Amino acid sequence: MTSKAAAIRAGEAIIFRFRHQTHTKPNRVVSSSSERIRPAANLLVVSRDPLYTSQPVEMESYMNGAKFDCLLFDMDDTLYPLSLGINLACRHNIIDYMLNKLKIEESLVPKMCLDLYREYGTTMAGLKLLGYDFDCDEFHACVHGALPYEKLKPNPVLRNLLLSLPQRKIIFTNSDEAHAVTVLKKMGLEGCFDGIICFETLNQPSHDSTSGKRILCKPSLESMEAVVEIAKLDPKKTVFFDDSPRNIASGKAAGFHTVIVGSSALLPGADVALESIHNIREALPELWEAAGDHVEAAVDLRSAVVAETTVLA
């Protein structure tokens with residue numbers, strides 16, 4: 001597989017556009033105020049958020065003695081909880097798009113939406129393979145453009161936790177770039193990640209609405225392999241965090257160490273289970289041990305400046 005990069009500047013964030021040649025295996029529910037934000041300066045969050053006090057599952061320390069140099073994070077329903085309702089709003093918007101834009105029979109839409117998601121990883125991917133003719137950018141604008149982003153609040157606890165992790169950190173989401181950037185900004189997490197791998201990263205830009213086009217997305221093993229190539233990862237030194245059991249299973253098949261988020265039970269393919277992303281330190285102290293005393297100084301420095309997040313798209 002090949003990829004090429006062309007750097008462009010958008011606001012204060014550098015966006016690196018990687019084009020992966022289009023090339024899908026077992027995800028949880030589709031994730032995701034109407035304003036959608038393009039890359040901009042980081043927010044410096046100073047308030048404290050008391051959310052997520054549950055404890056991680058006690059289990060064997062499978063990473064003892066291992067060295068990890070990259071942490072790969074899903075975004076929706078992983079960095080924030082499913083209970084916020086962003087997921088449900090997104091599904092309603094997809095149903096509206098199928099009804100009003102694609103003119104699919106109303107009685108068929110709810111089941112069809114869920115069945116395609118389960119079969120192809122995303123409803124969009126299934127619709128394309130079934131031959132529906134639509135523009136992917138328009139789909140994303142309709143589905144994500146009206147999400148209740150006001151439910152996402154700045155989370156300084158998570159921000160400081162992420163900044164304290166010494167490893168390279170990358171977002172890996174099926175969503176489009178605009179949605180990913182908006183979510184991170186709303187949560188005050190700009191500058192916490194070294195890159196974003198999103199829909200545009202894995203799929204060639206569609207200048208037409210050709211139907212039948214195969215979309216590369218989680219949970220396919222090919223999408224995992226593409227991320228390894230694009231981000232130059234060593235799977236054995238990468239920890240993958242996701243809320244979807246199917247994504248976790250594929251991540252394990254790709255060779256990642258896997259962490260299921262939002263579950264108190266260890267599921268097939270998962271090495272660790274976290275009820276909340278905030279429990280990383282308790283469950284995986286090994287991620288900090290190699291960094292020693294340099295971590296706190298690094299957090300202070302990175303919190304005080306406007307950092308850049310690279311969108312690998």
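Count residues from 1 along the sequence. All of these numbers come straight from a predicted model, not from anything done at the bench.
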Task: Residue pair Phe199, Glu177: steps toward the side-chain contact (heavy atoms from CB on, under 4.5 Å) verdict - done: CA-CA 7 Å; Phe199 175 85; Glu177 174 193 325; over 6 Å; no
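- Here the shortest heavy-atom pairing between Tyr120 and Gly126 reads CD1-CA, 3.2 Å.
- Under a 3.5 Å cut-off, the side chain of Ser220 and the backbone N or O of Cys217 do form a donor-acceptor pair.
- A side-chain donor-acceptor contact under 3.5 Å links Gln167 to the backbone of Leu287.
- At a threshold of 4.5 Å between non-hydrogen side-chain atoms, the residues Tyr97 and Val109 do not count as touching.
- Side-chain N or O atoms of Asp194 include one that pairs as donor or acceptor with a backbone N or O of Lys169 at under 3.5 Å.
- For the pair Lys128 and Phe134, the distance from NZ or CZ to the six-membered ring centre is under 6.0 Å and the angle to the ring normal is within 45 degrees.
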Task: Stepwise side-chain contact (heavy atoms from CB on, under 4.5 Å) test for Leu102 and Leu127 - done: CA-CA 10 Å; Leu102 302 183; Leu127 288 169; 3.8 Å; yes
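- Of the possible donor and acceptor atoms, none in the side chain of Arg168 sits under 3.5 Å from a partner among the backbone N and O of Leu233.
- Partners of Phe241 under the ring-ring contact (aromatic ring centres under 6.0 Å, His included) rule, at least two apart in sequence or in another chain, are Phe73.
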Task: Intermediate values then yes/no, salt bridge (Lys or Arg N to Asp or Glu O under 4.0 Å), Arg281 and Glu286 - done: CA-CA 8 Å; Arg281 187 184 290 274; Glu286 304 92 326; over 6 Å; no
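- Put simply, the side chain of Thr123 never gets that close to the backbone of Leu116: no donor and acceptor are under 3.5 Å apart.
- Atom NE2 of His179 is separated from atom CD1 of Ile196 by 11.0 Å, given to the nearest 0.5 angstrom.
- Closest non-hydrogen pair, Ile104 versus Leu99, comes out as O-CD2, 3.6 Å.
- The two residues Cys113 and Ile94 come nearest to each other via the heavy atoms SG-CG2, 3.8 Å.
- Between the side chain of Thr258 and the main chain of Ile248, no donor-acceptor pair closer than 3.5 Å is present.
- To the nearest 0.5 Å, atom SG of residue Cys136 and atom CE of residue Met124 are 4.0 Å apart.
- Checked against side chain to side chain contact (heavy atoms under 4.5 Å, CB included), Asp234 has the following partners two or more places apart in sequence or in another chain: Lys236, Lys237.
- The aromatic rings of Phe172 and Phe240 are tilted relative to each other, their planes meeting at an angle between 30° and 60°.
- Side-chain atoms of Ser175 and Asp76, non-hydrogen and from C-beta on, do get closer than 4.5 Å to each other.
- Ionic pairing of Glu190 and Arg159 is not present here: no N-O contact between side-chain nitrogen and carboxylate oxygen is shorter than 4.0 angstrom.
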Open item on the list: Is there a side-chain contact (heavy atoms from CB on, under 4.5 Å) between Leu79 and Asp74? Walk through the geometry before answering.
Closed with: CA-CA 7 Å; Leu79 297 186; Asp74 174 49; over 6 Å; no
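- Exactly one of Asp271, Leu284, Leu72 qualifies for a side chain to side chain contact (heavy atoms under 4.5 Å, CB included) with Val259. That residue is Leu284.
- Expressed to the nearest 0.5 Å, how far NZ of Lys111 lies from CG of Asp115 amounts to 3.5 Å.
- Residue pairs meeting the ring pair (Phe, Tyr, Trp, His ring centres under 6.0 Å) criterion with at least one member in residues 213-239, sequence neighbours excluded, do not occur.
- Checked by atom type and distance alone, the side chain of Asn93 pairs as donor or acceptor with a backbone atom of Val143 at under 3.5 Å.
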Open item on the list: Please determine whether side-chain contact (heavy atoms from CB on, under 4.5 Å) holds for the pair Lys218 and Met224, giving the CA-CA distance in whole Å, both sets of side-chain angles, and the decisive distance to 0.1 Å.
Closed with: CA-CA 7 Å; Lys218 293 183 289 185; Met224 304 290 170; 4.0 Å; yes
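- For the pair Thr182/His144, no side-chain contact is recorded, criterion being any heavy-atom separation below 4.5 Å from C-beta on.
- The structure places CD1 of Ile170 at 9.5 Å from CG of Leu71, a figure rounded to the nearest 0.5 Å.
- With hydrogens and angles disregarded, no donor-acceptor distance shorter than 3.5 Å links the side chain of Glu275 to the backbone of Ser264.
- Asn155 has its side chain within reach of His278: a pair of non-hydrogen atoms, C-beta onward, lies under 4.5 Å apart.
- Across all their heavy atoms, Pro235 and Val228 have their closest contact at CG-CG2, 3.9 Å.
- Smallest separation of non-hydrogen atoms from Ser107 and Pro110: O-CD, 4.3 Å.
- By the 4.5 Å heavy-atom criterion applied to side chains, Trp288 and Leu165 are counted as neighbours.
- In summary, Asp96 and Lys101 do not engage in a salt bridge, as defined by a charged side-chain N under 4.0 Å from a carboxylate O.
- For the pair Ile277 and Leu158, the minimum side-chain heavy-atom distance is below 4.5 Å.
- Side-chain contact between Pro148 and Ile86: present, with at least one pair of heavy atoms (C-beta onward) separated by less than 4.5 Å.
- Nearest heavy-atom pair across Leu221 and Ser250 is CD1-O, 3.8 Å.
- Atoms CE and CG, on Met98 and Leu108 in that order, are 8.5 Å from each other to the nearest 0.5 Å.
- Side-chain atoms of Asn174 and Thr122 form no donor-acceptor pair, as typed in the model, at a separation below 3.5 Å.
- In terms of modelled atom types and a separation under 3.5 Å, the side chain of Ser223 and the main chain of Leu216 share no donor-acceptor contact.
- Here the CG-CG distance, from Leu82 to Asp243, works out to 7.5 Å after rounding to the nearest 0.5 Å.
- For Asp135 (side chain) and Glu138 (main-chain N/O), a donor-acceptor pair under 3.5 Å exists by modelled atom type.
- Side-chain atoms of Glu222 and Arg214, non-hydrogen and from C-beta on, do get closer than 4.5 Å to each other.
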